[in-house]
Structures are given as C-alpha cells and as structure tokens.
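One structure is given here, and the rest of the page talks about it.
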Number of protein chains: 4
Amino acid sequence: MYPKFSSLEPEKKENIINAAIKEFARSGYDRASTNEIVKEANIAKGSLFSYFHSKKELYVFLLNYIVEFIDKIYDELDWNETDIFQRLKEIAVIKFKIYRKFPRAFDFLKALAQENAPEVKSEIDNRMKKAVLDNGSARIYRNIDVTKFRDDIDIQKAINIIHWTALSFAEQQSNNINSYEDSDVEQLREWDNYLDLMKRCFYKKEENA
Amino acid sequence: MYPKFSSLEPEKKENIINAAIKEFARSGYDRASTNEIVKEANIAKGSLFSYFHSKKELYVFLLNYIVEFIDKIYDELDWNETDIFQRLKEIAVIKFKIYRKFPRAFDFLKALAQENAPEVKSEIDNRMKKAVLDNGSARIYRNIDVTKFRDDIDIQKAINIIHWTALSFAEQQSNNINSYEDSDVEQLREWDNYLDLMKRCFYKKEENA
Amino acid sequence: MYPKFSSLEPEKKENIINAAIKEFARSGYDRASTNEIVKEANIAKGSLFSYFHSKKELYVFLLNYIVEFIDKIYDELDWNETDIFQRLKEIAVIKFKIYRKFPRAFDFLKALAQENAPEVKSEIDNRMKKAVLDNGSARIYRNIDVTKFRDDIDIQKAINIIHWTALSFAEQQSNNINSYEDSDVEQLREWDNYLDLMKRCFYKKEENA
Amino acid sequence: MYPKFSSLEPEKKENIINAAIKEFARSGYDRASTNEIVKEANIAKGSLFSYFHSKKELYVFLLNYIVEFIDKIYDELDWNETDIFQRLKEIAVIKFKIYRKFPRAFDFLKALAQENAPEVKSEIDNRMKKAVLDNGSARIYRNIDVTKFRDDIDIQKAINIIHWTALSFAEQQSNNINSYEDSDVEQLREWDNYLDLMKRCFYKKEENA
DNA sequence: TATGAATGAGTCTTCATTCAT
DNA sequence: GATGAATGAAGACTCATTCAT
C-alpha cells in the first residue's frame, strides 16, 4: 500500500500527514484543498498525486493511519480489568493522553464522523466498523464481566446505553472549547459521576455496596 | 417570504422541495449541486433562482420548512403526560408518522446537524436553538415528573443519558435501511424495551411495581 | 415604425420612454436591465417586448426619439444669424433650456457617445452622422458667413477647431456637477470668453474692431 | 506583481495581452468575455485565472501595462523644446510609432476613458491622474514658453483649445480606418496644417514671421 | 392584448488531476 | 523522481427573450 509514500523520509512523511490532517480536519473532505496541503507540506502538487493517486486515496490513507495510531495507544489499557465502568474510566484517561499528544487526530476523527461526501462515506463506514470507537461489539467491550449487571435487564442493551452515553458525553465536552488549564480534571470528574450513576443503576445492589 | 415560490402549484413546490432535500441530504450544503436539483425537479435553472435568490436562501427555506413541519406534528403530543418514558414512547410513534409522510426530512436533519459550511452554520444554530430536536432542555423534557426518579441519582444526568440513548437508538435504526413492511412495529417494540430497561433502572422501585 | 408602441396612450408611452432613458443613461446599453425598465414604467415584461422586439430596438428607438426631440428645439434658433460665434452663443442658451426641461436627455446622449456595445455602436454612428451634434457639416454650421474669417487660414479647419472646442467645453462642464443655482450664468460667461478668444484669433482684424 | 504571468514565454504573454486588449477594447469591461479571451489566446480557462486571479486583475494589469508602455515611449520626447506646436508635432510622430508597434493600445485607451463599470472605475481614475494622457496640466504642457502667445488672450484657455483640438483630431483620424500604406504621412501633414493654423492665430505676429 | 413565469445559454471562477520538462 | 503549469469540467448565478394563459 502506497509504496512511494512509504519509502519517503520520515520527516517528509510526517509533514505531509500533518498538513493533510490539518486541512481535512479544518474543511472536511469536499472543501479541503490539495493546494493548501501541498503548500503546508512544502511539496509539489504533482508529488502528492504520485504518492496518492487521488484526493480520496489520501483521505483513506489518513483514516487508516489515525485509526491504527489510536489502536496502538489503546494497547496500553489493562485489558484484564473486567469491570466495564472501571475500564471506561481508564479509557477516558487514555483519551486525554492521546489528545494532549496529538490533538489534531481527534479533530480529524470528529470531522470523519460528520463527513457526508459520498466518495468517502462508505470507506469511513467500513473502516469504522472494525474500529475502537464504534459500537458495543468492539474490543472495548470484550471480556467484560457481565455477571455484575442486574439480572432483570438485557445486558447488551445496557452496554449500548453505556456506550452511547460515553460517545455523547465526549462529543458534548469536545464542543465546549475549554482553554483553561484544569478542564481535564473537571471533565474527568464529571465523567466519573456519569459512570457512578450508571453503575448504581445497572449493577446488582451488592456490587454497589 | 418567498412569494414567488409560495404561489407555485403544490405539486411543483413539492417536487422542488423533495429534489432539494434529497440533494442537500446526500451531499451537504457545499457539494449539493443546484444543477442536480433543477434536473431532479424538472425546472429551469433560472426558475430556481427566481424562487430563491441564492443557494443559501433555498437551504435556509428548507431548514425552516422542515423544522416547522415537524413542530406542527409534535403539537399532537399529549403534553400533559408527565412520565418521561411514556412521553418518549409517544414521540417514537410520532417520529414514524413524520417518517412515513416525509421520509427525507430526517436525512436532511441529520445532515443539518453535521453541516460545517460557514455560510449556513449560524443560520442552523439560530434556528435549532428553538427547535424540538435540540438538547435535553428542549420542550420534550418540559413538565416531566422528576419525583419518580430514584433519590440517589442526579436527575439531569439521568435525563441526559435517556436523551442520548434516544438519539443514538434513532440514528442506529435509521442506518438500518429496512424496506420490509413491519419494520416499524419491530423498531417500536425494540425501543419500548430500551425505555423499560431505563425505567426499571432510573425510577424508584415503587414506580416499577 | 413601432406601430404597437405608437398607438399606446401618451402617458403610458412617456412612462416607458422616461424609464428607459433613465436606465440606459445610468447603466449604458449592456448593463441596462429590462427588468428595471418595466418595473419603473409599471408595465409587464412581455409588453415591452411586444412594443419593441428586442432591447436593441428599444435603444435605437430612444436614440432617434431624443435626436428628433432636440432637433425640434433647435428650430427655435435664429437661422438668419450668420455669425458663427453669435450662433454658438445662442446654441449654448438653448442647450441650457433643453437641459432644464429634459435633463435626462443629455445624460442619455452623453452615455450614447461613450457606448461601446457592438450591437448598437453602428446604429449610433449612423444616426449621429445626420445629427445636430455631429461634425462641422451639420446644420449648426450652415449659412455661416465665412467672409469674416481671416484670409490666411483654412476656414473648414477653423470651424472644426471651434466645433471641437464647443463639444469639449460642454463635456468638461457637464462633468463638473454644480448644484448651486447660478452655475448656468457662470458657465455661459465662461463660454463667452472662449468664443471671444476664438473670434479675436480667427476673424479678420476689422471684425474685432 | 503577477509573477506567474511574468515568467511566461514572451510570445505567449503577448498573445494573452493582445487577446485581452482586443476583447476589452471591443466590448468594455463588463461585456468582455474571458471565454473569448482564452479562445483567442489559445490557453485554457484555468490558466488565465492562475495568471490573474480575476477579470478585474487582468484589466488593471492591462491598464498599467499600456500606460507604462506609452510613458516609456514618451520619454523619447525632447522635453527641452518649449514651443507648444513643435512639441505637439513631435508627439504626433510618437503616437504613430506607438500605433505601429501596438495598434490596439489606443483602442483600449479610448475604451478606458469611456469605461463606466464601477468595479474598475476608481482604478482607472487613480492611474490616469498620473498619466500622460490626462488633461492640459499634464506633462505634455509643462515648460511651455507662454511668452509667444498673443498678449490679448487667456493663455490657459488657448492651451485648452489646442489640447481639445489635438484630442478631437486624433479621435477623428482613428475612426477613419485607413489600411493603405501612406496614410501616416497624410495624417501627419493634415495635423501640421492644424498646428500651423493655430500657431498663426494664437501666437504674436513676430513669432510667425 | 397584456401578463410574468419559464427558459437556458452565458457569465466568472475553482480545483482535482495530468504531463512535459 | 520531482515539479508546477496547464487543463476543462463543473460550480453558482444572470437576464434577454418567449409563450401559455
């Protein structure tokens, strides 16, 4: 895949990736300008199209690149932790780590989720089915100890509710642009509150003892 | 407002509205092609721009048209019902009514929420502040009897979770394109299950007796 | 010529003529909008094009209409006056009369002279060859007593210089927008000075005695 | 300024300049068609807009280009010559030089002076204030020996008459399209006659001795 | 006859993609 | 391989002219 691009100097590759992420995140697939990307990356127009044969190919490459990058970081998680709420607590911490290291990645992912351009819509959907950020069957929810849930509820539905809450909360928070320093801490505390609430409601009484 | 368009024959108006909704829903504001719209609506290029003076005006018209259309249907709701789950049950029924009468409306609304084009972004935000479809403080959640909720949870957070679940479930379902007849019934039954689950978990024991 | 238009009520005709003159004078042939004209004249678009089959026909009609209108006023001149400078003095007075009565006419004529649109350029040139405003062979310079000119100069050339001076002076003055009351008087006095200068230079000594 | 255009091959540049001058001179700013220009210049639509970012930029470029071109040629004039008629004789020769090298330039300048389009009106006015082609106070009439004029006339008025005669004569000649070879010579001789006439009339007797 | 909505060729401008150097 | 100028289809929008009512 992308042999010409792969054999470039790492620094040049990074320049191109950063320039492209920046532009796609800012403008979405349609509006993103390849002119802007080559200018930012300091390469020739023709070069970009020799590495990636089309705007679409470049976009799909970035999509995979970022998803893999995030997947790698998720490997740090303690996958032996079987409590779903504990795991989601850790995930929140990890997300902040990614964010601090690579803030544009999430911008791109957010733009991804809102992408309407038909050329890339299906690619996104395909890729996302396997991704960490997708629905309840993803690896985030593997090896969860389901015995802790109340017996009178459908566990898969409960997990879906938890998942949707996590996604919606994250989106809500990212829409509040907070520049002050300790916003992380506050957001994490708020998220803990949501997790506690759900734990109290969805787990058996004795689990909340 | 839009006097020329308003005085068109209803069928022609509907053609144009449907063609425009279809195109905007498929491609978003920017990429949507007025050429495509006039072709689909079977009118001349000049006609579209005599009804609406710009692409933006057409978009804003649709935005208001659909929001008002949905608002009107929402008036059918029994707003004296104070049980949140009962109300969401009724809302689900109403949504299906809208969907059957005007299937593209929700597609457009979904695209709306994801719209990034700066030309229309602020229009969307302004209009949506008053809309039914907005966040948990909207009229859907007015007059809710909060005394039914368990005393040990934050009620606003619980309502948020319920709201996010409703939105996410609806989106999930609309992504499953079901053409067979009775899918409504099945989807409503599934939604009832979610509501029951949340009721059982978030309400006081005696409310579920 | 223009039978449909001719048989209209005089008031309606005048409305249309005034509206058209105004628009053509303001914007030139190309930019002039038939929409603007019908709006100002309070008639339907289709009517305009049934009176005049095209924008061009309307323009040519106006051209002839105004030239004839001005020709008629020129009939007031004392054509027995054979002194060229005396005649030009009277013409200046008459021009102010026309201007006061029908200010748009000169605007239109000025726009005429600057018209570039190829559709009407040749029409203008043709018409103007016969017109009062054109070159030295026009009726303004008929019956002039050429014996007053110095014997050592080419009289036709002298007349051309006088003519060009008249045209250029008029244009210069009309470019100075003077709203204060007595600008007429001042402009006429200045013009007299030019006439005196040329008389002193182009006539025999004894004529200036 | 216009770096992309500047670095084109001279022949290509000339093609574009000629095509653009031709079209603007023929139709004025508004009606001039960029389609026509690219067709005539044998370049792609996109190319024109990569050299000049808009129709207006192209127009302003031409405006400056031609004015500078003419200014440069005017530098050849013997500015120590203080006799106004001698100077105007030399200027006529120079104008023919320009005309032979760059025949469309004067057409463009003529159209320029008549241009009404608001997009470029102010640009034209700004540029023309400094230009050689402007009114009687321009450098053409600097350093003129006014003592040669008759004492009994207003010198500024006399200069105005001379200036207006020069402009009007030039316009009259350029309207007579003469393709036969020796028309220059004839036109220059005719112009000399005009100059002689005015010299004889406006100068003191002893200057004509 | 009068109307004005409908028409569609034409306007300037953009930008992903190609290809000669 | 790298370059970036050249391409031209497609974009939104205008307006003189036509024609069904």
Side-chain angles (χ1 to χ4, degrees), chain A residues 4 7-8 12 29-39 42-59 119, chain B residues 3-5 7-9 12 27 29-39 42-58 119, chain C residues 4 7-8 12 29-39 42-59 119, chain D residues 3-5 7-9 12 29-38 42-58 119:
Chain A
K4 280 192 188 166
S7 51
L8 252 40
K12 195 170 186 179
Y29 179 78
D30 275 332
R31 286 194 158 232
S33 159
T34 52
N35 280 331
E36 216 48 50
I37 293 171
V38 299
K39 211 194 299 172
N42 253 320
I43 58 168
K45 197 80 184 283
S47 299
L48 185 66
F49 281 87
S50 84
Y51 307 146
F52 307 99
H53 299 74
S54 69
K55 190 183 183 179
K56 182 180 167 180
E57 239 185 71
L58 168 59
Y59 190 84
E119 293 97 321
Chain B
K4 276 196 188 163
F5 181 73
S7 51
L8 251 39
E9 299 170 28
K12 195 169 186 180
S27 311
Y29 177 78
D30 269 331
R31 169 164 283 249
S33 162
T34 53
N35 283 334
E36 218 47 51
I37 293 172
V38 299
K39 211 194 296 168
N42 251 317
I43 59 170
K45 200 76 196 281
S47 297
L48 183 66
F49 283 90
S50 86
Y51 307 144
F52 306 99
H53 298 72
S54 67
K55 188 183 182 180
K56 184 181 169 181
E57 231 184 78
L58 168 59
E119 293 99 319
Chain C
K4 278 192 189 166
S7 52
L8 252 39
K12 196 169 184 178
Y29 178 78
D30 274 333
R31 284 195 159 232
S33 159
T34 53
N35 280 330
E36 216 49 49
I37 293 171
V38 299
K39 212 196 294 172
N42 251 320
I43 58 168
K45 197 82 185 281
S47 299
L48 185 67
F49 282 88
S50 84
Y51 308 145
F52 308 99
H53 298 75
S54 69
K55 190 183 182 180
K56 182 181 168 181
E57 240 185 68
L58 168 59
Y59 189 85
E119 294 97 321
Chain D
K4 275 196 187 165
F5 181 74
S7 51
L8 250 40
E9 300 170 27
K12 195 170 185 177
Y29 177 78
D30 268 333
R31 172 165 281 252
S33 163
T34 52
N35 283 333
E36 220 46 53
I37 294 171
V38 299
N42 252 320
I43 58 170
K45 200 76 196 284
S47 297
L48 183 65
F49 284 89
S50 87
Y51 306 145
F52 307 99
H53 299 71
S54 67
K55 188 182 181 181
K56 183 181 168 181
E57 233 184 76
L58 168 59
E119 292 97 319

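Sequence lines set the chain letters: A, B, ... in the order given, protein chains first and strands last, and positions in each chain run from 1.
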Exercise for review: Would you kindly give the CG-to-C1' distance between A:N35 and E:dT13, to the nearest whole Å?
Suggested key: 14 Å
Practice item. Report which part of the nucleic acid B:S50 touches: base, sugar-phosphate, or nothing (heavy-atom distance under 4.0 Å, all strands). Key: nothing
Check your understanding: Side-chain donor or acceptor of D:K45 under 3.5 Å from a matching atom on the base of F:dT7?
Key -> no
Study note, to complete from the structure: Comparing B:K56 with C:S33, nearest DNA chain F nucleotide closer to 5' gives the residue B:K56
Point to revise | A:E36 CD - E:dT14 C1' separation (whole Å) | key: 13 Å
Revision key, fill the gap. Atom NZ of C:K55 and atom C1' of E:dG10 are separated, to the nearest Å, by 14 Å
Check your understanding: Separation of C:I37 atom CD1 from F:dT17 atom C1', in whole Å?
Key -> 14 Å
Point to revise | side-chain N/O D:S47 vs F:dT7 OP1/OP2, d < 4.0 Å | key: yes
Exercise for review: Specify the separation, in whole Å, of atom CZ of C:F49 and atom C1' of F:dT17.
Suggested key: 6 Å
Exercise for review: With heavy atoms under 4.0 Å as the rule, sort D:Y51 into base, sugar-phosphate or nothing.
Suggested key: sugar-phosphate
Check your understanding: For B:I43 and E:dA6, what is the distance between atoms CD1 and P respectively, to the nearest whole Å?
Key -> 8 Å
Review point. E:dC15 C1' sits how many Å from A:Y29 OH, rounded?
Key: 12 Å
Review point. Between B:Y51 and B:L58, is there a donor-acceptor pair closer than 3.5 Å when you use the side chain of the first and the backbone of the second?
Key: no
Point to revise | Presence of C:K4 side-chain N/O under 4.0 Å of E:dT1 phosphate oxygens OP1/OP2 | key: yes
Practice item. Identify whether any heavy atom of B:S54 sits under 4.0 Å from a base atom; if not, whether one sits that close to sugar-phosphate; answer base, sugar-phosphate or nothing. Key: sugar-phosphate
Practice item. Look up atom NE2 in C:H53 and atom NZ in C:K4, then write down how far apart they are to the nearest 0.5 Å. Key: 6.0 Å
Review point. Given that C:A44 and A:D30 both sit by DNA chain E, which one's nearest nucleotide is further toward the 5' end?
Key: C:A44
**Study point:** Net bend of the helix from E:dA2-F:dT21 to E:dT21-F:dA2, end axes of five pairs each, nearest 10 degrees
**Key:** 20°
Review point. Which sits closer to the 5' end of DNA chain E, A:R31 or D:T34, going by the nucleotide each is nearest to?
Key: D:T34
Check your understanding: At what distance, to the nearest 0.5 angstrom, does CG of C:D30 lie from OH of D:Y29?
Key -> 13.5 Å
Exercise for review: Could you tell me whether D:K12 contacts a base, only the sugar-phosphate backbone, or nothing, with contacts defined as non-hydrogen atoms closer than 4.0 Å?
Suggested key: sugar-phosphate
Revision key, fill the gap. So CD1 of B:I37 and CZ of B:F52: to nearest 0.5 Å the spacing works out to 10.0 Å
Review point. Considering all heavy atoms of both residues, which atom of B:E119 and which atom of B:K56 are nearest to each other, and what is their separation?
Key: O-CE, 3.2 Å
Exercise for review: Determine the minimum heavy-atom distance between C:N35 and C:V38, stating which atoms define it.
Suggested key: O-CG2, 3.1 Å
Review point. In whole Å, what is the span from the CG atom of B:N42 to the C1' atom of E:dA5?
Key: 16 Å
Exercise for review: Would you check if the side chain of C:K55 reaches a backbone N or O of C:A32 as a donor-acceptor pair within less than 3.5 Å?
Suggested key: yes
Exercise for review: Please tell me which of B:A32 and D:L48 maps to the more 5' nucleotide of DNA chain F, matching each residue to the nucleotide holding its nearest heavy atom.
Suggested key: D:L48
